[in-house]
2 protein chains.
Amino acid sequence: MYWANVSERQASTPPLAVSTVVFTLRSPAGDGAGLGRGVGADAAGSPPSVGESAERGAGPRLWIPLVRRRREPYLNQWALPGGPLRGDTSLRTAAANNLLQTTGLAPTLLEQLYTFGGTDRGEGARTVSVVYWALVRFAESDLDLMRDPDVAWFPADDPEVLAGLAFDHRRIVEYALARLRAKVEYADVAHRLLGERFTLAQLRGVYEAVLGQALDPANFRRTVLARGGIEDSGEVLTGVRNRPPRLYTAISQRDPSGIPDPEGDPS
Amino acid sequence: MYWANVSERQASTPPLAVSTVVFTLRSPAGDGAGLGRGVGADAAGSPPSVGESAERGAGPRLWIPLVRRRREPYLNQWALPGGPLRGDTSLRTAAANNLLQTTGLAPTLLEQLYTFGGTDRGEGARTVSVVYWALVRFAESDLDLMRDPDVAWFPADDPEVLAGLAFDHRRIVEYALARLRAKVEYADVAHRLLGERFTLAQLRGVYEAVLGQALDPANFRRTVLARGGIEDSGEVLTGVRNRPPRLYTAISQRDPSGIPDPEGDPS
DNA sequence: TCAATAGTGTCTATCAGACACTATTAC
DNA sequence: GTAATAGTGTCTGATAGACACTATTGA
């Protein structure tokens, strides 16, 4: 007996949830809006301990929003924002709604990451989670929505933060980071974390934050300009105490290589 | 209100199914076991028309198994093998079971492809499908299991076959092909379609079938040997009417680049 | 011998990394 | 002026593609 026509079957399938790993960029000097660092860190079970670990100079770092659990299991531990898939919304729409409710932000990039459906995902009933990953521009953030003490931003690569996550969310965040690293080199991922106009140094800062290593400014300029996708806006950034850098803008790219998300929005 | 702890909620989520795109390699000359070509092609709605389209010489081609639907919607059309996710099996196990029941084969590679959950996936009730893609070695196939007239193999890139598929399965197969192409270059995908020992010409045939273009034998040899992952077995293949080629074996690779399937089996 | 494929050697265009060097601002 | 970053030029080693060439079998 072969199953080819099961799409319409109402079987007793496990509950289905949609979660999102949201990345944003935050400069340590705080060039954008301020950011409560580890709000509600006093909760038992997860010490966030957001210390500035000077790994690679003082460039910007990746941050993710987490939500504190208000019920068992993993009570009071931090978890990825998410929720059950309701009625007639698509997976992508559910992820976008979820992101808006949690952070008040609209994503500049939203792609499906992976569907976790193992039977060893943690305590509690077994659940299948479709996980998305997203990028947002933090400077545009509406901080009013962040007053909720059960939502806070944390450095995405902090081992102590990751160790305190509920369920298998640590593995999920690490997988999302790996995908982000693999994607930043050949897609227009970087400028989606920045604003409309950005300098090459800022763009390089994104690459360095994502890849976790310093890059040669001269070579970076050459390769990123040769790759296309950005354009000299003609303006320069003034007010710095050195030679004013040019400002660039991102131009729409037809997904140069890489395979697009099949249900993704062609924005 | 933020949802962080929904994993245990029993919401009215859509039905969940697992499907698999299975690729195998078949030489036009039929060096392995014979293969019913388009069995049951008389069914209305999908003309398989398996003609040898001489696109790139006479190398091997990729084939996929399809299952004929026995109910509405898309009655009698061909679809990907799949079934509902039952009780306490993991997604990966469900895909493997499904593959075994359909083709009688154990996969040499099995990875999650994508989860399709749009609201426009075709007629009938909305379903969320977690789709896997797999590779099998056709020579090892147990053809007794293929007696079922509702299961047949088709060329994976035949436009007429793809056009006749049920639901959004055409898009799914095309996406799986794109992922396979992207992956064959930097992973040990190719030799999983071949047997234990293979010549470099056979290996090149896999690359050519997957990529859809001819490759220079000399350069292919250099690059594939430099990449590592295969080893000279010391034996040669006799019985050919030209210089006997060496036989190589695949050696285990620690996923040289690329990101492994997070719930995948580390085989 | 010829046909056919296996396998080697070599040239070249391209590209990434290293790094010296000049340019332009604030102070 | 100095400090600091922006931006340019150049060298070099690694690599992919083109392609000529030799090697070894069956017929």
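The structure presented is a predicted model; accordingly, all values stated were derived computationally and were not measured. Chain identifiers are assigned alphabetically (A, B, ...) following the order of the sequence lines, protein sequences preceding nucleic acid strands; residue numbering begins at 1 within each chain.
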Taking N or O atoms only and anything under 3.5 Å, show me the protein contacts with nucleotides 6-10 of chain D, one pair per line.
residue: D:dA6; atom: N3; partner: A:R243; partner atom: NH1; Å: 3.3
residue: D:dG7; atom: OP1; partner: A:R246; partner atom: N; Å: 3.0
residue: D:dG7; atom: OP2; partner: A:R221; partner atom: NH2; Å: 3.2
residue: D:dG7; atom: O5'; partner: A:R221; partner atom: NH1; Å: 3.4
residue: D:dG7; atom: O5'; partner: A:R221; partner atom: NH2; Å: 3.3

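Atom CG in B:D216 sits about 11 Å away from atom C1' in D:dA20, given to the nearest Å. What separates OH of A:Y207 from P of C:dG17 is a distance of 13 Å, to the nearest Å. Rounded to whole angstrom, the span from the CG atom of B:L237 across to the C1' atom of D:dT24 amounts to 14 Å. Distance, A:L215 CG to C:dA18 C1': 14 Å, rounded to whole Å. B:E185 has its CD atom 16 Å from the P atom of D:dT15, to the nearest Å.
Taking a cutoff of 4.0 Å between a charged side-chain nitrogen and a carboxylate oxygen, A:E111 and A:K183 qualify as a salt bridge. Between A:E235 and A:R246, none of the side-chain N atoms (NZ, or NE/NH1/NH2) sits under 4.0 Å from a carboxylate O, so this pair counts as no salt bridge.
Applying the salt bridge (Lys or Arg N to Asp or Glu O under 4.0 Å) criterion to A:R243, with sequence neighbours excluded, gives no partner residue. Legend: residues meeting salt bridge (Lys or Arg N to Asp or Glu O under 4.0 Å) with B:R221, ordered by chain and number and at least two apart, are absent. Residues satisfying the side-chain hydrogen bond (donor to acceptor under 3.5 Å, both in side chains) test with A:R222, not counting sequence neighbours, are A:N219. Residues satisfying the side-chain contact (heavy atoms from CB on, under 4.5 Å) test with A:E174, not counting sequence neighbours, are A:L162, A:R170.
Rotation axes derived from the C1' atoms of the five outermost pairs at either end of the helix from C:dT1-D:dA27 to C:dC27-D:dG1 lie 0° apart, to the nearest 10°.
In the model, A:R171 has no side-chain atom that pairs as donor or acceptor with a side-chain atom of A:Y175 under 3.5 Å.
Judged by distance alone, with hydrogens and angles left aside, the side-chain atoms of B:T108 form a donor-acceptor pair with the main-chain N or O of B:R192 at under 3.5 Å.
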